[in-house]
Amino acid sequence: MATFGVIVFPGSNCDHDAYHAMKHVMNCEVKFLWHKDTDLTGIDFLIVPGGFSYGDYLRSGAIARFSPIMQEVVKFAEKGGPVMGICNGFQILLEASLIPGAMMHNHKLRFVCKNINMRCETTDSLFTSGLEKGQVFNIPVSHGEGNYFISDDGLKSLQDKDQVLFRYCDEVGNLTEEANFNGSIDNIAGITNDGRNVLGMMPHPERAMEKILGSEDGKPIFDSILNSLSIA
Amino acid sequence: MSQEPEVTLELALEHGLNEEEFEMIKTRLGRVPTFTELGVYSVMWSEHCSYKNSIIELKKLPRDGEHLLVEAGEENAGLVDIGDGLGCAFKIESHNHPSAVEPYQGAATGVGGIHRDIFTMGARPIASLNSLRFGSMDEPRVRFLLDGVVRGIGDYGNSFGVPVIAGEVYFDESYEGNPLVNAMSIGIVKAGETASAIAKGIGNPVIIVGASTGRDGIHGATFASEEISEESEAKRPSVQVGDPFTEKLLLEASLDALKTGAVVGMQDMGAAGIACSTSEMTAKGEQGMLVDLDKVPAREDGMTAYELLLSESQERMLIVSEKGREQEIIDIYEKWDLHGVVIGEVVDGDKVTYMKEGEVKAEIPAEHLVLGGGAPQYIRETKKPAYLEETQNFDTGSLDHPEDHIGTIKKLLNSPNIASKKWVHEQYDTTVRTNTVTPPGASDSGVIRIKGTKRGLVAKTDCNGRYVYLNPRRGGQIAVVESARNVVCSGGRPLAITNCLNFGNPYKPEVYWTFKEALKGMGDACKALNTPVTGGNVSFYNENPNAAIFPSPIIGMLGLIEDVENHTTTPDFKNDGDVVLYIGADRKGLGATEYLKVIHGLTMGDSPELDIEFEVKLQESLLAAIKARFITAAHDISDGGLAITLAEMAIHGGLGANINVGSFVGSEHEVLFSEAQSGVVITVAQSNLETTFAHFKGAGVPIINLGQVAGTKLNFEGIGELDVTEMKETYENVIPNAMEV
């Protein structure tokens with residue numbers, strides 16, 4: 001059985017949510033990893049959770065990338081270790097250059113918390129292999145800086161290499177401008193790196209794991225991950 | 001060393017003390033206070049800290065109950081037993097004056113302050129609510145304030161990581177220039193693991209933890225104890241600046257520190273900073289405390305004893321630990337990159353002594369300073385306001401009521417008071433911590449599950465200031481019963497309340513009469529519902545340029561859902577064919593309604609009718625029905641009356657209904673738009689109709705069949721119909737359209 005590691009930065013606030021989702025819903029082994037730790041021994045899958053690391057007063061994730069643990073995260077990822085950054089975690093992975101692009105403030109310059117729809121764009125990744133292409137997921141978002149941006153060349157490269165895993169869509173899967181609530185380029189909600197072992201996504205699948213909370217649409221994503229890990 | 005100003009009566013008056021209070025200080029001390037002592041007395045005896053004009057009245061509220069784990073007013077917040085070995089700490093507090101001059105920081109630090117009150121008791125905050133009041137939305141200043149307050153609440157709470165689960169936003173000219181920003185926090189703690197705000201054990205070290213101390217917020221408590229005026233703008237430096245990141249660290253470190261068992265007492269620093277926390281903890285422990293102010297980590301050089309004591313820099317706490325174990329505590333705070341510095345110790349005697357540069361700067365018996373102890377307590381003069389004669393005798397029947405009910409409903413849906421507050425709620429994180437079962441907006445109250453148990457908590461803030469203005473006693477009753485009804489409609493049993501009493505200047509006899517009446521009303525209702533008052537906050541001196549604001553005793557009601565998966569109930573129409581039923585009292589009386597305000601521009605009449613005994617019966621029978629699981633939706637009747645309740649159920653469900661209101665007695669205007677209390681609309685499956693009738697009839701609660709959920713139009717037979725999609729569009733765009741110009 002795979003062991004998951006959830007990194008705790010000062011200011012992380014979805015660390016317990018990720019822990020709960022993996023431990024109590026997915027019944028996995030989970031460990032919290034303090035940001036000053038540097039030992040990732042025994043960890044099979046890393047989650048960089050949401051929150052406001054270091055308060056994010058400068059630019060989201062800009063300080064967290066300098067935490068001691070991040071050097072180890074980079075090494076882990078470079079060796080092919082799977083890493084998932086959710087929300088602030090996505091922002092931190094961008095700042096650490098583990099995935100390409102940058103985050104801007106939501107285009108209406110307001111924090112947005114609501115349930116959105118996102119569409120699976122490719123099944124060619126360990127995160128999405130168990131999903132269906134075109135499958136729509138109803139999942140919460142909660143962020144002020146989720147307006148993903150990348151240069152034209154960078155975008156073309158993401159598209160050509162099939163690195164866009166999730167896009168914002170309407171409830172039946174159309175990629176509309178209205179569905180793209182934060183203004184992200186090309187409706188991008190989640191991408192993977194060149195090596196396809198690092199995922200950054202703004203929506204929070206760990207908040208959509210139980211019927212009582214309104215949506216279980218996050219579960220298939222973690223099922224997919226667990227399945228990939230057990231095969232690998 | 002700088003020369004301190006000479007302490008004179010004039011200087012005391014400048015500090016907000018009156019002549020009598022200055023004399024009292026001299027007599028008690030047996031000498032003229034030092035400048036530093038004057039500063040300490042002035043903040044501790046400010047209205048904000050001493051409750052001097054309210055404490056006698058507050059003590060008359062029902063404060064006992066089987067579920068209470070601490071007595072009201074004994075600790076920083078109320079603590080209620082919620083079963084499964086858990087306690088729930090909860091409290092509401094105002095940050096009105098800071099928000100009036102600096103909405104963003106004022107609201108943000110209000111959120112920070114109330115969360116600190118909760119985790120200083122050892123409870124982890126798991127949900128928050130807020131209650132906001134502003135002037136008319138037509139005013140650019142109001143839109144500026146709303147924008148700033150919402151951003152402030154959002155940025156602080158989102159970063160701190162606690163979801164907003166419910167709240168309310170009201171607009172009325174009465175709040176012009178003096179918005180109300182009340183924030184509530186709810187936390188969970190294992191029974192027996194709570195912390196107390198006490199300093200005891202001679203020789204035990206006193207540790208300041210968290211942020212360093214700066215010159216911000218000096219005399220914030222005094223500022224909060226006077227009316228907002230043109231000069232208030234100059235007091236912006238009295239507003240503190242919030243840092244949610246540091247607060248988040250402080251939370252985690254403090255909960256870790258409590259786990260060591262080395263903590264004797266813990267108190268957060270809010271109003272009056274070090275002066276207040278040291279003196280309150282000392283008075284409670286009935287010993288003395290010696291504090292060396294040179295040891296306090298300061299943000300800048302040259303801060304005087306006066307400044308260090310009165311600073312309201314945020315994100316600080318005071319801890320008394322067991323002697324010899326202070327390093328354990330300090331290490332934990334340092335792990336979280338926070339200060340932990342020993343600044344003093346518990347000593348023999350009854351005085352708090354503050355040293356600076358080897359000199360005693362202030363030495364005061366702690367008991368002198370604390371509320372309910374030596375701080376002044378006044379009974380103020382009262383006088384029934386003259387306006388009540390005119391407003392209560394106003395005959396709403398004399399008005400020319402429009403016949404176009406559908407047009408009226410549309411106008412009401414366009415009122416910012418009724419319209420959706422989605423624009424506000426979407427700026428708050430409502431789902432962090434993965435407990436939110438019912439987020440703000442759709443439901444009568446917010447519901448969270450408690451992990452590891454079957455239970456859920458349900459909470460609501462409520463108060464209709466217009467009702468209290470037009471009938472203070474009944475308005476106070478309604479604030480309580482309505483919040484309880486909201487809790488019941490969501491499937492919970494009301495347990496206890498916290499309150500935030502927002503009123504005008506207590507030295508105005510009319511204001512004080514209203515205050516006393518409203519409190520009596522709250523007491524009546526709390527007794528009947530068996531929901532004791534666990535604590536809260538009083539905010540006086542809320543005045544618009546012409547008069548006092550609507551008296552606004554905001555109630556924060558806490559309830560418990562026994563089986564959160566099966567009992568949680570929401571207002572939305574769910575199934576085509578479900579039967580729509582009305583349960584409750586007659587729909588009569590148009591006084592104090594939103595209808596009267598929106599259609600006729602009037603704040604007139606008597607507040608809606610209420611029979612408390614009947615209300616209790618209604619709530620008990622509804623909760624029993626919800627537990628028996630035949631209710632598919634429930635929504636209480638409040639602002640806008642029955643018509644708006646039905647419209648909201650349709651909008652949230654995306655389904656229409658065929659409704660016939662012919663079985664009610666009284667005029668159509670009253671049936672549709674009266675805000676008479678004790679009314680709820682429910683839906684049930686056709687198959688449960690007989691059971692439902694039998695249940696409510698058996699309980700002595702009148703029940704009327706209104707029709708059926710059907711289609712996409714809300715059709716009032718013989719009156720007209722409304723398209724649900726169009727209603728939703730109107731309802732959801734009022735506030736965005738006003739704000740996003």
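Bear in mind that the values here come from a model prediction, so they are computed numbers and not experimental data. The sequence lines fix the lettering, A, B, ..., with proteins before strands; numbering per chain opens at 1.
In this structure, no portion of B:Val150 lies under 4.5 Å from any heavy atom of chain A. Contacts of B:Lys451 with chain A are made by side-chain atoms alone, with heavy-atom separations under 4.5 Å and no backbone atom involved.
The number of heavy-atom neighbours closer than 6.0 Å to NZ of A:Lys219, taken from other residues, nucleotides and ligands shown, is 12 or below. Within a 6.0 Å radius of NE2 in A:His105, no more than 12 heavy atoms belonging to other residues, nucleotides or ligands are found. By the 6.0 Å contact criterion, NZ on B:Lys627 is enclosed, its count of non-hydrogen atoms from other residues, nucleotides or ligands being greater than 12. By the 6.0 Å contact criterion, CZ on B:Arg629 is open, its count of non-hydrogen atoms from other residues, nucleotides or ligands being 12 or less. Under a cut-off of 6.0 angstrom, the local environment of NZ in B:Lys454 is sparse, with at most 12 non-hydrogen atoms contributed by other residues, nucleotides or ligands.
Between B:Thr430 and the options A:Pro140, A:Cys113, A:Ser142, a side chain to side chain contact (heavy atoms under 4.5 Å, CB included) holds for only A:Cys113.
Identified by a heavy-atom distance below 4.5 Å to chain A, the contributing residues of residues 151-159 of chain B are B:Arg151, B:Asn158, B:Ser159, in residue-number order. Heavy-atom proximity under 4.5 angstrom to chain B picks out A:Trp34, A:Lys36 from residues 28-40 of chain A. By a heavy-atom distance cut of under 4.5 Å, A:Pro10, A:Gly11, A:Ser12, A:Asn13, A:Cys14 are the residues of residues 7-15 of chain A near chain B, going up by number. Proximity to chain B at a heavy-atom threshold of 4.5 Å picks out nothing from residues 67-74 of chain A.
Going from atom CE of A:Met209 over to atom OG1 of B:Thr434 covers 9.5 Å, rounded to the nearest 0.5 Å. Here B:Thr431 contributes atom OG1 and A:Glu206 contributes atom CD; the two are 9.0 Å apart, rounded to the nearest 0.5 Å.
The two atoms that bring A:Ile212 and B:Val437 nearest to each other are O-CG1, 3.7 Å, heavy atoms only. In terms of heavy-atom proximity, A:Arg207 sits nearest to B:Asp429 at NH1-OD1, 2.9 Å.
Contact of the B:Arg449 side chain with the A:Leu213 side chain is registered, since non-hydrogen atoms from C-beta on lie closer than 4.5 Å.
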*Could you go through the side-chain contact (heavy atoms from CB on, under 4.5 Å) check for A:Arg110 and B:Asp147 one step at a time?*
CA-CA 10 Å; A:Arg110 290 188 189 280; B:Asp147 182 68; 2.8 Å; yes
*asked:* Between A:Val112 and B:Gln427, is the side-chain contact (heavy atoms from CB on, under 4.5 Å) condition met? List the steps.
replied: CA-CA 5 Å; A:Val112 177; B:Gln427 297 186 57; over 6 Å; no
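Classification of the B:Phe245-A:Tyr54 ring pair by plane angle, with boundaries at 30° and 60°, yields tilted.
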